[in-house]
Amino acid sequence: NAGVTQTPKFRVLKTGQSMTLLCAQDMNHEYMYWYRQDPGMGLRLIHYSVGEGTTAKGEVPDGYNVSRLKKQNFLLGLESAAPSQTSVYFCASSSGSSNQPQHFGDGTRLSIL
Amino acid sequence: AQSVTQLGSHVSVSEGALVLLRCNYSSSVPPYLFWYVQYPNQGLQLLLKYTSAATLVKGINGFEAEFKKSETSFHLTKPSAHMRDAAEYFCAVSEAKGNNRLAFGKGNQVVVIP
């Protein structure tokens, strides 16, 4: 009963380093999303995908790239990490119908020094 | 574009007292509305949703919310707070016939006082 799985759970990077966050879902969902959560800001959408091979920009896309090569996976990349990208990152998936909820992973805590 | 307002970042409630979290939304088309709960170091979990059926929606853990179109509100209530209700609560809105993008409020951190 995995649902949405995010790896890694924690990571510390130095400024300028790159890394990729992996999200995997086993619910055969079409739509997948990446959010960041910062204190007092709620969740803000970074990028999303409406199907395999597609990606689109969300509210705060700068400094991030994404790829959806397989339906079950959605990757979030940071090419050159900056301290402002210190945050908790959440992946979510949904069937794509607006009346259906999004299902969330447990998050990745990322610190950029 | 849709948006959500949640007032009061921190809400303190005594154990056994009423929990009331306010959510007002803005949407140019009929909305779908959701309440999520986030326990420490976890992801968001769906509490309940409004999808244009009954205006009073019952969710998990004894929570319920009422959709009021005239007030553009979807307030969350629970008659009697329990210690396990200490968590952060988010209201979110999506547009019917939209692309399932959610707009989240900034959240309410609920503290339950014994």
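Chain identifiers are assigned alphabetically (A, B, ...) following the order of the sequence lines, protein sequences preceding nucleic acid strands; residue numbering begins at 1 within each chain.
- Only the side chain of A/L45 comes within contact range of chain B, judged by heavy atoms closer than 4.5 Å.
- At a 4.5 Å heavy-atom cutoff, the contact between B/L46 and chain A is made by side-chain atoms alone.
- If you tally non-hydrogen atom pairs under 4.5 Å between each of B/L44, B/V4, B/L33 and chain A, the highest count goes to B/L44.
- Of the candidates A/V88, A/T86, A/L76, A/L13, A/L110 forms a side chain to side chain contact (heavy atoms under 4.5 Å, CB included) with just one, namely A/L13.
- Counted by atom type alone, B/K49 and A/N99 present zero donor-acceptor pairs between their side chains at under 3.5 Å.
- Neither side chain, B/T5 nor B/N24, offers a donor N or O lying under 3.5 Å from an acceptor on the other.
- For A/Q37, the part lying under 4.5 angstrom from a heavy atom of chain B is the side chain only.
- Proximity to chain B is absent for every atom of A/R44, based on heavy atoms less than 4.5 angstrom apart.
- With rounding to the nearest 0.5 angstrom, the CD atom of A/Q102 is 8.5 Å from the OG atom of A/S93.
- Heavy atoms of B/Q38 lying under 4.5 Å from chain A belong exclusively to its side chain.
- To the nearest 0.5 Å, the span separating CZ on B/F104 from CZ on B/F34 amounts to 9.0 Å.
- Proximity to chain A (any heavy atom under 4.5 Å) is restricted, for B/Y36, to the side chain, taken from C-beta onward.
- Neither the backbone nor the side chain of B/Q6 has a heavy atom closer than 4.5 Å to any heavy atom of chain A.
- Atom NZ of B/K106 is surrounded by 12 or fewer heavy atoms from other residues, nucleotides or ligands within 6.0 Å.
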